[in-house]
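Note that these values count all heavy atoms, side chains included, but never hydrogens, waters or copies made by symmetry. It should be emphasised that the depicted structure is a prediction, and the values quoted were computed from it without experimental measurement.
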Amino acid sequence: MSDNVPALHIRDLTKIYNNGFEALKGVSFDVLPGDFVALLGPNGAGKSTIIGILCSLVRKNSGQVEIFGNNIDSHFSRAKKDIGVVPQEFNFNQFEKVFDIVVTQAGYYGLPRKLSLFRAEKYLRELGLWDKRQDRARTLSGGMKRRLMIARALVHEPRLLILDEPTAGVDIELRRSLWEFLTEINDQGTTIILTTHYLEEAESLCRNIAIIDRGVIVQNTTTRDLLSQLNREVFILDTQEKLADFPTIEGYSGRVVDGYCIEIEVEKSQSLNELFVALSEQDIHVLSMRNKANRLEELFISMTQSTDDQRPSQ
Amino acid sequence: MGIREQWIAYVTLVVKEVRRFTRIWLQTLLPPAITIALYFVIFGTLIGPRIGQMSGFNYMEFVVPGLIMLAVITNSFGNVVSSFFGNKFAGNIEEMLVSPMPNYIILLGFLTGGVARGLTVGVIVTLLSLFFTDLNIQHPLVTVSVVILTSILFSLAGLVNAIYAENFDDISIIPTFVLTPLTYLGGVFYSMSLLPEFWQGVSKLNPVLYMVNAFRYGFLGISDIEISWAFTMLTGFVVALFVFALYLLKTGKNLRA
């Protein structure tokens, strides 16, 4: 297979559910091999429908999907071998043992027993579940269950890993360790597509971002390009002095949050240095500064809001 | 998927299914053994002697093949309907659906699981019957082939029921309102020759009658119906249900959105 073949090639994908809901309205996009892509969108935007179609749990109405050049309709077996899916909901048998769940999944992919046992051990160790291998799945914590689903999805070593909100409901420490793990397997060559509601996650992990809203891809570009579109950022400054009113600084606007904290809007063309100079001239000493919201979050909201404005009739 | 990979996937699914019903043997293997043993005690030992001969055999000898068949039918059906629906309800059917396993391997895997439980229970019940009567199998080949075909047929029926079922009520409706009446009225406890002519005609519409009689023929060498017709019907139903179940899996009925 040529290296030029995209890991995922989607063209004019449509899906209308039986209740008449049009979930996808001609979605097209490509994912290159080795990429780490975030698929973002509000609830009901069509993210899970796309994932469902890729792993054949949802039937598309029209359009074309290829996984590493294999069409999911005509070469479904080869296409499916290249995909590993981590769904949003826990969908393993809660009464089975952790080890059995992973080994059984390997068997469904036709892996010989010896290889299945080896791979199950490898991924359960890497995901910190080896000590729990003989436990029934229902006894695991939420984070462990999430990791079990990742181990299960990786056991046949897919070239394309799809994760539907993999860090939903897991604590910060575990989320960070999952990020490290995903970065590691991406570095080893696995293409990753991830949906998430944590935009910080997408900004930290993904090289490319596709935003879908109401069944349409509204943005598909690199994370860097996307962030460069941000024209305005809001910063929160903690000050040493108590402020009664927002200081007058030409070209900058904002408000006092409480006595020792102010919120300032900074345009892309404006300089932070000038801002600090102006504050110093007024004997205001800044102790710390942070973004009010995640940068990507601001863009995301503006983009999905703009599609609202464009389609008022829906 | 190559042939070897398909074989591995099939064996994996069968092992999973067998492991399931053996792990919960208190729910799957013991109850039918107790129920059928009670039938043996009540109908065979307590009431049987008062009934006397049935088609030239004492009642216990007559009723044993039917009771074995009753256990095989209910357990083959019950295993597949509960396992497949359980997988569907909990969502772990997706483990199979996202894999490259062809639909016919999924079908054969569940089917084999149902047959394995049906035959396991059949063997247990047959061994239990030896405490109550002597068994002389007149036509072993007929006996074995009928019990296997019947088990396949009801495993397939269980799968179809499970695919259509949307809640737990739906998986108990068919066994309660269809399977049990058909089985009890299928000549398990009596010879069709005892019925008035009209009801004999009605009974001939009951497919279970053919299975029970063919099985009894294998044991005792007697039957109310033509054996070749029983085999034809059984094979026809098996093929039809297999094709239908495969069609349902292919179209993703109640499985894929």
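The shortest side-chain heavy-atom distance between A:Y108 and B:E5 does not fall under the 4.5 Å cut-off. Inter-residue side-chain proximity for A:K80 and B:V98 is flagged as unmet; no heavy-atom pair is nearer than 4.5 Å. Within the 4.5 Å cutoff, the side chain of B:N92 has no heavy atoms near those of the A:Q105 side chain.
No part of A:R113 comes within reach of chain B, as not one of its non-hydrogen atoms sits under 4.5 angstrom from that chain. With a 4.5 Å cut-off on non-hydrogen atoms, B:R4 touches chain A through its side chain but not through its backbone. Interface remark: A:F76 contributes side-chain atoms only to the contact with chain B (heavy atom separation under 4.5 Å). Only the backbone of A:L111 comes within less than 4.5 Å of a heavy atom in chain B; its side chain stays farther off. With a 4.5 Å cut-off on non-hydrogen atoms, A:Y109 touches chain B through its backbone and its side chain both.
Residue A:Q64 places its CD atom among more than 12 non-hydrogen atoms of other residues, nucleotides or ligands, all under 6.0 Å distant. Open room surrounds CZ on B:F89; 12 or fewer heavy atoms of other groups in view lie less than 6.0 Å from it. Heavy atoms from other residues, nucleotides or ligands lying under 6.0 Å from OH of A:Y17 number more than 12. No more than 12 heavy atoms of other residues, nucleotides or ligands sit less than 6.0 Å from atom CG of A:N18. Other residues, nucleotides and ligands place no more than 12 heavy atoms under 6.0 Å from the CG atom of B:L141. Other residues, nucleotides and ligands contribute over 12 non-hydrogen atoms within 6.0 Å of the NZ atom of A:K145.
If you take CD on B:E94 and SG on A:C55, they are separated by 7.5 Å, rounding to the nearest 0.5 Å. With values rounded to the nearest 0.5 angstrom, A:L57 atom CG is found 6.5 Å from B:R256 atom CZ.
Close approach to chain A, defined as a heavy atom under 4.5 Å from one of its heavy atoms, is seen in no residue of residues 144-163 of chain B.
The greatest number of non-hydrogen atom pairs below 4.5 Å with chain B, out of A:G52, A:A153, A:A106, A:P112, is found for A:P112. Chain A forms the most heavy-atom pairs under 4.5 Å with one residue out of B:G109, B:S99, B:G252, B:A9, and that residue is B:S99. Considering only heavy-atom pairs separated by less than 4.5 Å from chain B, the leading option among A:H156, A:Q94, A:R152 is A:R152.
At least one donor-acceptor pair closer than 3.5 Å links the side chain of A:S56 to the backbone N or O of B:L97. At least one donor-acceptor pair closer than 3.5 Å links the side chain of A:R59 to the backbone N or O of B:T251.
When every heavy atom of B:E95 is checked against every heavy atom of A:N93, the shortest pair comes out as OE2-N, 4.5 Å.
For B:R20 and A:E96, the salt-bridge test fails: no basic side-chain N is under 4.0 Å from an acidic carboxylate O.
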